[in-house]
Participant: 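Before anything else, here's the structure in question.
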Amino acid sequence: MVFQVHLWLGVLLSLYLVLISLSGALLVYHDTLTRHTLPSGLAPYRPAQTASIPSVMASAHAAFPNAAVSYLNTPSPRLPAFQLELRDRTGKPFEVIADPQTGHVSLLPRSWVNVVYDFHTELLLGSAHGMQWNGVGAAGLLVLTLSGILLWWRGLRSWWHGLRISFRHNWRRLNFDLHHAIGFWTLFLVSWWALSGLYFAWDKPVTAAISALSPLVGMKTPDAIKPPATTPPATLATVLAAAHSAAPQGHLSYLVNPGLTPDDDVYAYMNLRSPEDFGHADIVRLDARTGTVLSTWHYGQNHTLGDWLLWGMQPLHFGTFWGTGIRALWCAFGISLAALTLTGLLMYWNRYLRHRWRTLSTTQPSIP
């Protein structure tokens, strides 16, 4: 029964797993690839000469007066330009970039990197449906990993044979050994990809399950009580000043609702380590009307097992937080998941399909 579940689920998900793993391997270098798609002529990124956020916002409003800015990324060494997402009157998003020194805004053409990213995160179906289907795929991958380890186990005396690859046998046995060895050595990370994929699709149920296992402390979203609106209304400058005052040691890397839409709060992500390390940040929540700090979430200050499990969803999924070596390793793991899928399909061919094909070929009636 376990074998049948593993076999047919693997066959059903094979194309999905190959494409999602290879696209994920590419996206380990998302910022590097995006940098090469930026238009020429941008000024070099120099932190001391970076344009102010209010000037970038003014340039965006002047260039696209009928659009609202939903988020803004500040420049960093990996991606040396401002990135902004705007939404037109119909709510359709589009991206622009701003020169790191002048703040001049220009439309960012859609590149192949955007297509790969949209496929990996939303299967090109849009956020409303694509992430849900990705969750279904992640659930299938989790079942494959659990059933795979049961099939891999050979008993106490010979379990270690499943860790190695023998080159003394024919190519079919070599493929068999490759499938078992890759499955074992990638088990933890592939299982984590499946769990984090479930989290990205259905974060509230997964968070509730983790909290039931171990209460959240550091990863619990702080409560916030909105103050009454005051006059005069807040400006972007006062909101930024309040964010820096709440997290003086942080570097502003990401700003949600920089246009101060009154129905939404402002979130300022103040990274506490390198500009690319989103795993340790003070996330300052501010009232868009008053500029009042509603809460400061010390993201990454973990105290319980539940904190560590929830915090690890993003860094262990993406592999972009710990330098060049980890990026290369995560990229290799992504390719190995595709290899695991293909070797599994080849095993299916060797065990069944080739015999079936041979039978059908020999029983075909001859044409007179």
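Since this is a predicted model, take the numbers as computed values, not measurements.
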Participant: Please report the shortest heavy-atom distance between A288 and N257, naming the atom on each side.
Facilitator: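 So the minimum-distance heavy-atom pair works out to CB-ND2, 3.8 Å.
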Participant: Run the side-chain contact (heavy atoms from CB on, under 4.5 Å) test on L151 and F3 for me, step by step, so that the C-alpha distance in whole Å, both residues' side-chain angles and the decisive distance to 0.1 Å come before the verdict.
Facilitator: CA-CA 7 Å; L151 295 171; F3 174 77; 4.1 Å; yes
Participant: Establish whether L27 and I326 are linked, either directly or via other cluster members, by ILVMFWY side-chain heavy-atom contacts under 4.5 Å.
Facilitator: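 Hydrophobic grouping puts L27 with I326.
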Participant: Among the clusters formed by ILVMFWY side chains lying less than 4.5 Å apart, do M57 and V256 turn up in the same one?
Facilitator: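 No.
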Participant: Mind checking the CZ-CH2 spacing from F318 to W330? Nearest 0.5 Å is all I need.
Facilitator: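 The CH2 atom of W330 is 13.0 Å from CZ of F318, to the nearest 0.5 Å.
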Participant: Run through L86, L255, V56 and flag the one making a side chain to side chain contact (heavy atoms under 4.5 Å, CB included) with V69.
Facilitator: L86
Participant: When you measure from the side chain of T74 to the backbone N and O of L252, does any donor-acceptor pair fall under 3.5 Å?
Facilitator: yes
Participant: Hey, would you say the H180 and F184 ring centroids sit under 6.0 Å apart?
Facilitator: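 Between H180 and F184, the centre distance exceeds or equals 6.0 Å.
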Participant: Which heavy atom of A98 sits nearest to which heavy atom of L84, and what is that distance?
Facilitator: CB-CD1, 4.2 Å
Participant: Do S59 side-chain atoms and G103 backbone N/O form a donor-acceptor pair below 3.5 Å?
Facilitator: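 Such a contact is found between S59 side chain and G103 backbone.
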Participant: Donor-acceptor pair, W133 side chain versus E122 backbone, under 3.5 Å?
Facilitator: no
Participant: Can you hop from I53 to V284 via hydrophobic side chains spaced under 4.5 Å?
Facilitator: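 Yes, one cluster joins them.
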Participant: Can you check whether L26 reaches W112 side chain to side chain, under 4.5 Å on heavy atoms?
Facilitator: yes
Participant: Can you confirm whether more than 12 heavy atoms, excluding those of H303, are under 6.0 Å from its NE2 atom?
Facilitator: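 Yes.
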Participant: Does any N or O in the side chain of S70 come within less than 3.5 Å of the main-chain N or O of E85, such that one atom is a donor and the other an acceptor?
Facilitator: yes
Participant: If we ignore angles and hydrogens, is there a donor and acceptor under 3.5 Å between the side chains of Y269 and N73?
Facilitator: no
Participant: Provide the closest heavy-atom pair for V239 versus G291 in the form atom of the first, atom of the second, distance.
Facilitator: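 V239 and G291 have their closest heavy atoms at CG2-CA, 3.9 Å.
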Participant: Ignoring hydrogens and geometry beyond distance, is a side-chain donor-acceptor pair present between T34 and D31 at under 3.5 Å?
Facilitator: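 Judged by distance alone, the side chains do not pair up.
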Participant: Are any side-chain N or O atoms of R35 and backbone N or O atoms of R78, one a donor and one an acceptor, separated by less than 3.5 Å?
Facilitator: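 Between the backbone of R78 and the side chain of R35 there is a qualifying donor-acceptor contact (under 3.5 Å).
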Participant: Closer than 3.5 angstrom, by distance alone: can the side chain of N114 be matched with the main-chain N or O of S111 as a donor-acceptor pair?
Facilitator: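 Present.
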Participant: Taking the side chain as C-beta and beyond, is there a heavy-atom pair between L340 and H179 under 4.5 Å?
Facilitator: yes
Participant: Quick one: sort the Y117 and H30 rings into parallel, tilted or perpendicular, breaks at 30° and 60°.
Facilitator: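 Judged by the thresholds at 30° and 60°, the geometry between Y117 and H30 is tilted.
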Participant: Examine distances only and state if a side-chain atom of N134 and a backbone atom of T121 form a donor-acceptor pair shorter than 3.5 Å.
Facilitator: yes
Participant: Testing the basics here: between A43 and P100, what is the closest heavy-atom pair and its distance to 0.1 Å?
Facilitator: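 For A43 and P100, the tightest heavy-atom pair comes out as O-CG, 3.2 Å.
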Participant: At their closest point, which heavy atom of T320 faces which heavy atom of R327, and how far apart are they?
Facilitator: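 The answer is O-NH2, 3.6 Å.
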Participant: Are I97 and P39 close enough that some pair of their side-chain heavy atoms sits under 4.5 Å apart?
Facilitator: yes
Participant: Hey, could you give me each pair passing side chain to side chain donor-acceptor pair (under 3.5 Å) that has a residue in residues 233-246? Not counting sequence neighbours.
Facilitator: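 Listed once each, the pairs are T235-T238.
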Participant: Show me the pairs that pass side chain to side chain donor-acceptor pair (under 3.5 Å) and involve residues 190-215, at least two apart or across chains.
Facilitator: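 Non-adjacent pairs meeting side chain to side chain donor-acceptor pair (under 3.5 Å): Q132-W202, S196-H317.
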Participant: So, the side chain of D307 versus the backbone of G218: is there a donor-acceptor pair under 3.5 Å, distance only?
Facilitator: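 It does hold such a pair.
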Participant: Quick check: does any side chain N or O of H298 sit under 3.5 Å from a backbone N or O of D282, one acting as donor and the other as acceptor?
Facilitator: no
Participant: Take Y16 and I20 through the side-chain contact (heavy atoms from CB on, under 4.5 Å) test and state the conclusion after the steps.
Facilitator: CA-CA 6 Å; Y16 168 80; I20 209 73; 4.1 Å; yes
Participant: What do the steps show when you test F333 against W185 for ring pair (Phe, Tyr, Trp, His ring centres under 6.0 Å), and what is the final call?
Facilitator: CA-CA 9 Å; F333 273 121; W185 292 113; over 10 Å; no
Participant: Please check this pair: side chain of N302 against backbone of M219, looking for a donor-acceptor N/O pair closer than 3.5 Å.
Facilitator: no
Participant: Can you see which heavy atom on L17 is nearest to which on L144, and at what distance?
Facilitator: CD1-CD1, 3.7 Å
Participant: What's in the same ILVMFWY side-chain cluster as L294, cut-off under 4.5 Å, chained through other members?
Facilitator: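 Joined to L294, directly or through intermediates: none.
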Participant: Quick check: are there more than 12 heavy atoms from other residues, nucleotides or ligands sitting under 6.0 Å from CD of Q249?
Facilitator: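 Open: at most 12 neighbouring heavy atoms sit under 6.0 Å from CD of Q249.
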Participant: OG1 of T304 to CG of L309: how many Å apart, nearest 0.5 Å?
Facilitator: 8.0 Å
Participant: Honestly curious: do Y267 and F82 fall in one hydrophobic cluster under the side-chain, below-4.5 Å linking rule?
Facilitator: no
Participant: Transitively linked via ILVMFWY side-chain contacts under 4.5 Å: L19 with L141?
Facilitator: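 In one cluster with L19: L141, yes.
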